[in-house]
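For clarity, every value in this text was computed on a predicted model and none was experimentally measured. Note: hydrogens, waters and symmetry copies are ignored here, and every other heavy atom, side chains too, is used. In what follows, chains are A, B, ... by sequence order, proteins preceding strands, each numbered from 1.
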Amino acid sequence: GQQLNQSPQSMFIQEGEDVSMNCTSSSIFNTWLWYKQDPGEGPVLLIALYKAGELTSNGRLTAQFGITRKDSFLNISASIPSDVGIYFCAGRATGGGADGLTFGKGTHLIIQP
Amino acid sequence: DTEVTQTPKHLVMGMTNKKSLKCEQHMGHRAMYWYKQKAKKPPELMFVYSYEKLSINESVPSRFSPECPNSSLLNLHLHALQPEDSALYLCASSQQGGYQPQHFGDGTRLSIL
């Protein structure tokens, strides 16, 4: 099946630093989604991307849908303590209908005081 | 607060028990999903329902039996589970068609004794 390679696996940063993570795939995706999951909760949608080359922001978060449709990145500017959690990229290969998502393995963000 | 509600939040059951997980959404979504998530791993798709009909079964063992009684409800019936089935079970929903993102509930934490 399809696989998403998400990196880095974990990040240890200082509060106020910028964060960057990315996902790559060997196959084309039509939709890229970025989710954040806190302990004991389900994934929460951060940003959805639908067009190759699309750059979308949500507050301090910015994500881009790669031109080749095989990659996406998520940037977080000026990190704060509540940014701690696991960030997942997810892709959907088909358009229309209802299909499940393929998830990356996650980036665990840890902020050091 | 998530708009996808899952009950119970926690469930402990023996291998011979029969129990059900419930999921409810009132966003008018016509696609609903079950995912399984093991600790420190990404969610893995189990089932997809589209317009109350099962459209995708990711080769899930028959001890897991999904049911979609109406457009707002999704159940997962459990019987004769194994210890390796212990996991977080996530329900998600989305608009049907197009490239609609999936919205997740907070999951049911299932432990099999």
Shared ILVMFWY cluster between [X] and [Y], side chains joined below 4.5 angstrom?
X: Leu73(B); Y: Tyr49(B); value: no
X: Phe73(A); Y: Leu33(A); value: no
X: Val19(A); Y: Val44(A); value: no
X: Trp34(B); Y: Leu54(B); value: yes

Kindly compute the distance separating [atom1] ([X]) from [atom2] ([Y]), expressed to the nearest 0.5 Å.
X: Tyr35(B); Y: Phe103(A); atom1: OH; atom2: CZ; result: 5.0 Å
X: Thr31(A); Y: Gln100(B); atom1: OG1; atom2: CD; result: 9.0 Å
X: His103(B); Y: Tyr35(A); atom1: NE2; atom2: OH; result: 7.0 Å
X: Leu101(A); Y: Glu44(B); atom1: CG; atom2: CD; result: 13.0 Å

Does the side chain of Trp34(A) come within less than 4.5 Å of Pro101(B)'s, by heavy atoms?
no
Portion of Phe47(B) that has a non-hydrogen atom of chain A nearer than 4.5 angstrom:
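Neither part; nothing is under 4.5 Å.
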Taking side chain as everything from C-beta outward and backbone as N, CA, C, O, which of these in Gln37(B) sits under 4.5 Å from a heavy atom of chain A? Side chain, backbone, both or neither.
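The side chain, not the backbone.
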Closest contact, heavy atoms only, [X] versus [Y]:
X: Gln102(B); Y: Gly100(A); value: NE2-CA, 4.0 Å
X: Glu41(A); Y: Leu88(B); value: O-CD2, 4.4 Å
X: Leu90(B); Y: Pro43(A); value: CD1-CD, 3.8 Å

Where does Gln37(A) contact chain B at under 4.5 Å (heavy atoms): side chain, backbone, both or neither?
side chain
Looking at [X], I'd like to know if its [atom1] atom is crowded, meaning that more than 12 non-hydrogen atoms belonging to other residues, nucleotides or ligands lie closer than 6.0 Å.
X: Met15(B); atom1: CE; value: no
X: Glu17(A); atom1: CD; value: yes
X: Lys18(B); atom1: NZ; value: no

